[in-house]
Amino acid sequence: FTIRLDSEGCAFELFVNGGSVSQDLTGAPAHEEAPINHWLTTGRNDVELEVLTGDDPFAAWKARIEVFVASAGAPET
């Protein structure tokens with residue numbers, strides 16, 4: 001499995017079953033993918049995205065995650 005994250009205008013930390021998959025505390029735009037098979041277990045799995053928006057409660061930001069099955073032999077981006 002692979003997880004894709006797109007964020008703009010916010011810092012973030014991304015976890016799968018409590019394991020840190022990725023983080024960016026700068027708030028710069030992030031568009032990335034990472035394999036997560038080593039974090040997965042049989043049964044229920046938890047994905048957590050902590051979004052850190054700073055002191056301005058009205059700041060514009062967006063964040064999206066997607067978990068998908070990567071095709072065998074497909075090139076990674």
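Since we're looking at a predicted model, the values are computed, not measured.
- L40 and F1 get closest at one heavy-atom pair: CD1-CD1, 3.4 Å.
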Check residues 62-69 and write down every donor-acceptor pair under 3.5 Å in which the side-chain atom is one partner and the other belongs to a residue at least two apart or another chain.
| residue | atom | partner | partner atom | Å |
| --- | --- | --- | --- | --- |
| R64 | NH2 | D6 | OD2 | 3.3 |
| E66 | OE1 | R4 | NH1 | 2.9 |

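- In terms of heavy-atom proximity, G9 sits nearest to W61 at O-CB, 3.5 Å.
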Between E48 and E13, does a side chain to side chain contact (heavy atoms under 4.5 Å, CB included) hold up when you go through it step by step? CA-CA 8 Å; E48 179 181 357; E13 293 186 73; over 6 Å; no
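- A pairwise comparison of heavy atoms in N45 and T41 identifies OD1-N, 2.8 Å as the closest pair.
- By the rule that hydrophobic residues join a cluster once side-chain heavy atoms approach within less than 4.5 Å of another member, V51 and V16 end up as members of one cluster.
- With a 4.5 Å cut-off on side-chain heavy atoms, L49 and L5 count as touching.
- Residues in residues 36-45 take part in these salt bridge (Lys or Arg N to Asp or Glu O under 4.0 Å) pairs, two or more places apart or across chains: R44-D46.
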Cut-off 3.5 Å, no hydrogens considered: what does the side-chain donor-acceptor table look like for residues 19-29, sequence neighbours left out?
| residue | atom | partner | partner atom | Å |
| --- | --- | --- | --- | --- |
| S22 | OG | E32 | OE2 | 2.3 |
| D24 | OD1 | T26 | N | 2.7 |
| D24 | OD1 | T26 | OG1 | 2.6 |
| D24 | OD2 | T26 | OG1 | 3.4 |
| T26 | OG1 | A28 | N | 3.1 |

